[in-house]
Structures are given as C-alpha cells and as structure tokens.
Amino acid sequence: MLDTLNRPTAEKSGKGLSDSRAEELLAQYGRNTLAEERKARPLKIFINQFKDIMVLILLAATAVSFFLGEYYDALTIIIIVLVNSILGFIQEYKTEKTLLALKNMTAPNARVWRNGRLKEMQTSELVPGDIIALEQGDKVPADAAILYSKGLFAEESILTGESVPVAKSAGLPDDTDNSIGKQNILYSGTIITKGTAEARVIATGLSAQMGKISGMLKNIDDEETPLQKRL
C-alpha cells in the first residue's frame, strides 16, 4: 500500500529536476564520483618508501656504522629499513588497487527524470534530489530513498558482506538518512537483482556509503605504520 501511495508519477515527482537547478546542485555538492584513484605503479610506490625523513636518517646511520666498522649495526638498520619499506609498499599498493576496484563497481550511466523526461545520463552528473529509475540488472548510481518499488530486491554484499539479496520497499519520501542496512534506501554500487523502482537521490560522491569507503582508503597511506611510529 505504501509503495502505491509513494509512487512518483511525473506529476507527483515534479517531473524531476530542471537542468538549471541540477547545475546549481552540482556546483554545491560536486560530481558523483569516488575518491580519485591513482594508477598503481609498483616500482614508483616502492621507491617512494625511501623518501621518508626517518628512513633517510636511518640510511645515513647505516653508512656511518659501516664506515666505523660496525657491520652488525649496519646490517640491523638495513633490515629494519627494508621491512618498513616493504610493509609500506604492500599497504599503499593494496589501497590503490582497492580504489580502482571500487570505481569499477560504480554504474557509468543512470536513467534520470530531468525536465519532465526520463533520459539516460552519466552517473557523475547526478545530484541530490534527482529521481532515478531502476530495474533488474541495474547498478545503483547513488544512495537514494525509494519512492516506489515493485518486487524489489538488491544485492548489497559489497557493503554488508551478505550475499543474499535484500528485500527493499518505499519508506518516508523525505528520508535523507543513508545509514547502512535500511530497507527503504538503495546504496551506490549495489545491484538490483529483481523488481523495479524509482528513488530520490540523497547522497552522492564521497557522501554516499561507497564514497565514504573510498575516502577512508585514500587516507590510509597518509598514516604511519606501527613500525614507523616506533622508529
């Protein structure tokens, strides 16, 4: 019953946003993209591990120890530097590969109500307030509150780890809370496995749950490893 009442026909949804209003919101919220991934270049990443000031000091200490004939000390320091660099390399390389994988999970295009017409456009141009149409097989382009649904199920394993599709249905039309696990919210990057829906975008880019994950991953290589802190 709730689904039927909340179904956004062209009149009820206001026929979507106008292009001018969408441009204003795009300037306000930014593009609907994840944290920018950098191309993973293993050799460059590994070399960058030796540019840290502490590592340079340790390398200088190694040279001094070797010059003074303290070969055991020199060897110990070299091993510490290598272990630290290898750990930093593994952490940063995995981060960049994960960011790339997340980007590949996002939908490149979406069906959106604009100026009273349903049209296909790039996902990056979506803004909060857009009304999107979804059906079986679609990837959700942004976090959105369901306005209308019919037999809707979504696969959310990328967020929850649960491989079984989750039943979804409409809720409050003005809901803006995109917390994970809500029945009336569709999340960016998840897949519609069954049914159809129309939903109002409530979070894009780094504000979407997928965007928050990519933001946290991007900041990982800016933090010191436990070994770096001890050094």
Side-chain angles (χ1 to χ4, degrees), residues 26-108 122-126 139-143 155-163 178-181 187-191 203-231:
L26 187 63
Q28 178 180 350
Y29 292 100
R31 289 190 170 276
N32 180 33
T33 56
L34 301 181
E36 183 180 356
E37 87 286 348
R38 296 156 296 183
K39 293 184 179 180
R41 299 183 179 89
L43 181 59
K44 183 178 179 180
I45 293 174
F46 186 72
I47 292 175
N48 285 340
Q49 306 307 312
F50 296 92
K51 294 181 179 180
D52 181 80
I53 183 63
M54 183 56 67
V55 172
L56 293 176
I57 291 173
L58 288 174
L59 290 176
T62 301
V64 172
S65 296
F66 186 83
F67 179 76
L68 296 176
E70 300 291 343
Y71 303 117
Y72 176 80
D73 289 344
L75 179 60
T76 301
I77 297 173
I78 283 293
I79 292 175
I80 292 174
V81 170
L82 286 175
V83 170
N84 176 71
S85 299
I86 290 172
L87 290 177
F89 166 80
I90 293 173
Q91 176 177 276
E92 189 172 343
Y93 184 72
K94 284 185 175 180
T95 297
E96 295 191 7
K97 296 293 286 185
T98 302
L99 284 171
L100 180 59
L102 284 177
K103 184 175 182 180
N104 291 335
M105 290 180 184
T106 59
Q122 292 183 351
T123 296
S124 61
E125 297 178 4
L126 287 180
K139 283 185 178 180
V140 181
D143 289 6
E155 198 268 298
E156 301 180 343
S157 60
I158 58 173
L159 293 177
T160 65
E162 178 59 57
S163 60
N178 66 332
S179 300
I180 293 178
Y187 303 97
S188 176
T190 61
I191 301 173
T204 59
L206 299 182
S207 296
Q209 289 296 336
M210 185 72 77
K212 292 177 182 179
I213 294 173
S214 71
M216 289 187 292
L217 287 172
K218 191 174 186 297
N219 290 330
I220 284 178
D221 59 338
D222 294 330
E223 299 177 359
E224 291 185 336
T225 65
L227 181 57
Q228 286 175 322
K229 293 177 180 179
R230 293 185 67 181
L231 286 174

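Counting from 1, the numbers follow the sequence of the chain as shown.
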(request) Nearest 0.5 Å please: distance from the CG atom of Leu82 over to the CD1 atom of Ile77. (result) 12.0 Å
(message) For Ala142 versus Val140, what's the shortest heavy-atom pair and its separation?
(response) O-CG1, 3.1 Å
(message) Strictly distance-based, threshold 3.5 Å: is any side-chain N or O of Tyr29 a donor or acceptor partner for the main-chain N or O of Ala203?
(response) no
(message) When you measure from the side chain of Asn84 to the backbone of Val55, do you find a donor-acceptor pair of N or O atoms at a distance under 3.5 Å?
(response) no
(message) Rounded at 0.5 Å granularity, tell me how far CD1 in Ile191 sits from CD in Glu156.
(response) 11.0 Å
(request) Would you please name every residue forming a side-chain contact (heavy atoms from CB on, under 4.5 Å) with Ile86, sequence neighbours left out? (result) Phe46, Ile90
(request) State the CG-CG distance between Asn32 and Leu206, to the nearest 0.5 angstrom. (result) 9.5 Å
(request) Sequence neighbours left out, what passes side-chain hydrogen bond (donor to acceptor under 3.5 Å, both in side chains) with Asp143? Give chain and number order. (result) Asn178
(message) Nearest 0.5 angstrom please: Thr33 OG1 to Gln122 CD, how far?
(response) 11.5 Å
(request) Taking side-chain hydrogen bond (donor to acceptor under 3.5 Å, both in side chains) as the test, write out the residues that go with Thr76, two or more places apart. (result) none
(message) Applying side-chain hydrogen bond (donor to acceptor under 3.5 Å, both in side chains), can you list everything that pairs with Glu155, at least two apart in sequence or on another chain?
(response) Ser157
(request) Check Ser188 against Pro141 and note the closest heavy-atom contact, atom names and distance. (result) OG-O, 3.7 Å
(request) Applying ring pair (Phe, Tyr, Trp, His ring centres under 6.0 Å), name anything that partners Phe67, two or more places apart in sequence or on another chain. (result) none
(request) Answer yes or no: is there a donor N or O on one side and an acceptor on the other, between the side chain of Tyr187 and the main chain of Ala208, under 3.5 Å? (result) no
(request) Using a 4.5 Å cut-off on heavy atoms from C-beta on, say whether the side chain of Ile213 contacts that of Leu159. (result) yes
In residues 57-65, what donor-acceptor pairs under 3.5 Å come from side-chain atoms, sequence neighbours left out?
{"unit_1": "Thr62", "atom_1": "OG1", "unit_2": "Leu58", "atom_2": "O", "d": "2.9"}
{"unit_1": "Ser65", "atom_1": "OG", "unit_2": "Ala61", "atom_2": "O", "d": "2.9"}

(message) Does Phe89, at its CZ atom, have more than 12 non-hydrogen atoms belonging to other residues, nucleotides or ligands within less than 6.0 Å?
(response) yes
